[in-house]
Visitor: 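One structure is given below, represented as structure tokens, and several questions about it will come after.
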Amino acid sequence: QVQLVESGGGLVQPGGSLGLSCAASGSIFRITAMGWYRQAPGKQRELVARITSSGSTNYADSVKGRFTASRDNAKNTVDLQMNSLEPEDTAVYYCNADVLTTWYASYARDYWGQGTQVTVSS
């Protein structure tokens, strides 16, 4: 079993900054990709940022230039630095990891954190 534990989040004013962190633990051989998704009330969950094991990063168009994702492969962690936050960034943010649980696993399994609330409001 694999657990993803998120930290950070909270309330911030528009234009402010906030950081999120996620640590994966458990039966991990290798994490192929790790990143962040978010879900606003009444909307579908959407990709925010995703980093592959080679370091290739994909961002949602709405956060490019404002958010920066970083990953530590040795520690199985992923961080999200959010700057210039807007009310539209208000959502529950979820950490996600695609995990090979053994060296002989033929495919990576998808794991999610419990989510952390980010609210951007004055």
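Just the heavy atoms: all of them, side chains too, but no hydrogens, waters or symmetry mates, feed the values below. Every value quoted in this text rests on a predicted model; they were computed, and no experiment measured them.
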Visitor: State the OG-CG distance between Ser25 and Asn76, to the nearest 0.5 angstrom.
Guide: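 The OG atom of Ser25 sits 8.5 Å away from the CG atom of Asn76.
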
Visitor: Is there a donor-acceptor pair under 3.5 Å between the side chain of Thr90 and the backbone N or O of Val120?
Guide: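 Such a contact is found between Thr90 side chain and Val120 backbone.
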
Visitor: Take Arg45 and Trp112, measure what side-chain contact (heavy atoms from CB on, under 4.5 Å) needs, and give me the verdict at the end.
Guide: CA-CA 12 Å; Arg45 191 173 297 188; Trp112 294 90; 3.2 Å; yes

Visitor: Tyr59 side chain to Ala69 main-chain N or O, any donor-acceptor pair under 3.5 Å?
Guide: yes

Visitor: Can you classify the ring geometry of Phe67 versus Tyr93 as parallel (below 30°), tilted (30 to 60°) or perpendicular (above 60°)?
Guide: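 Aromatic pair Phe67/Tyr93 classed tilted.
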
Visitor: Nearest 0.5 angstrom please: Thr77 OG1 to Met34 CE, how far?
Guide: 6.5 Å

Visitor: Indicate yes or no for a side-chain donor-acceptor contact from Glu46 to the backbone of Arg38 under 3.5 Å, with no hydrogens or angles considered.
Guide: no

Visitor: Any non-hydrogen side-chain atom of Arg50 less than 4.5 Å from a side-chain atom of Asp98?
Guide: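 Yes. Closest side-chain heavy atoms under 4.5 Å.
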
Visitor: Rounded to the nearest 0.5 Å, how far does OG1 of Thr32 lie from CZ of Arg109?
Guide: 13.0 Å

Visitor: To the nearest 0.5 Å, tell me how far Trp36 CH2 sits from Met82 CE.
Guide: 8.0 Å

Visitor: Please confirm whether the backbone N or O of Gln114 pairs with a side-chain atom of Glu6, one donor and one acceptor, at under 3.5 Å?
Guide: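 Side chain of Glu6 to backbone of Gln114: a pair is present.
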
Visitor: Can you confirm if the NZ or CZ of Arg30 lies within 45° of the ring axis of Trp103 and under 6.0 Å from the centre of its six-membered ring?
Guide: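 Checked: cation-pi criterion not met.
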
Visitor: Scan Asp110, Ile28, Leu4 and name whichever one has a side-chain contact (heavy atoms from CB on, under 4.5 Å) with Val99.
Guide: Ile28

Visitor: First locate atom OG1 of Thr102, then atom CZ of Phe29, and finally report the distance between them rounded to the nearest 0.5 Å.
Guide: 8.0 Å

Visitor: Any side-chain to backbone donor/acceptor pair from Thr116 onto Gly8? Under 3.5 Å, distance only.
Guide: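 Between the backbone of Gly8 and the side chain of Thr116 there is a qualifying donor-acceptor contact (under 3.5 Å).
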
Visitor: Using the rule given for side chain to side chain donor-acceptor pair (under 3.5 Å), can you reason through Ser54 versus Ser56, listing the C-alpha separation, both sets of side-chain angles and the distance that settles it, and then say yes or no?
Guide: CA-CA 6 Å; Ser54 63; Ser56 176; 5.4 Å; no

Visitor: With a 4.5 Å cut-off on side-chain heavy-atom distances among I, L, V, M, F, W and Y, is there a chain of contacts connecting Leu100 to Val2?
Guide: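 As far as the 4.5 Å side-chain criterion goes, Val2 and Leu100 are not connected within one cluster.
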
Visitor: Can you tell me if Thr57 uses its side chain to pair, donor with acceptor, with the backbone of Ile51 under 3.5 Å?
Guide: no

Visitor: Leu80, Tyr94: one ILVMFWY side-chain cluster at the under-4.5 Å cut-off?
Guide: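 No, it is not one cluster - the side chains of Leu80 and Tyr94 are not joined through contacts under 4.5 Å.
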
Visitor: Quick one about Ser21 and Asp79 (side-chain donor to acceptor, distance below 3.5 Å, no hydrogens or angles considered), yes or no?
Guide: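 Present: a donor and an acceptor within the cut-off.
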
Visitor: Of all the heavy-atom pairs spanning Gln39 and Lys43, show the shortest one and how long it is.
Guide: NE2-O, 3.1 Å

Visitor: Determine, stepwise, if the pair Val78 / Cys95 fulfils side-chain contact (heavy atoms from CB on, under 4.5 Å).
Guide: CA-CA 8 Å; Val78 64; Cys95 179; 3.8 Å; yes

Visitor: State, without any angle test, whether Thr119 and Ser121 hold a side-chain donor-acceptor pair at a distance under 3.5 Å.
Guide: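 The criterion, which ignores hydrogens and geometry beyond distance, is not satisfied for Ser121 and Thr119.
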
Visitor: Under 3.5 Å, is there a donor on one side chain and an acceptor on the other for Asn83 and Gln81?
Guide: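 Side chains of Asn83 and Gln81: pair found under 3.5 Å.
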
Visitor: Kindly compute the distance separating CD1 (Ile31) from CG (Asn73), expressed to the nearest 0.5 Å.
Guide: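 Nearest 0.5 Å value for the CD1-CG distance: 8.0 Å.
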
Visitor: Could you tell me whether a side-chain N or O of Arg71 sits under 3.5 Å from a main-chain N or O of Thr52, the two making a donor and an acceptor?
Guide: yes

Visitor: The test is side-chain contact (heavy atoms from CB on, under 4.5 Å); show your working for Val118 and Leu18 and say whether it passes.
Guide: CA-CA 9 Å; Val118 171; Leu18 209 56; 4.0 Å; yes

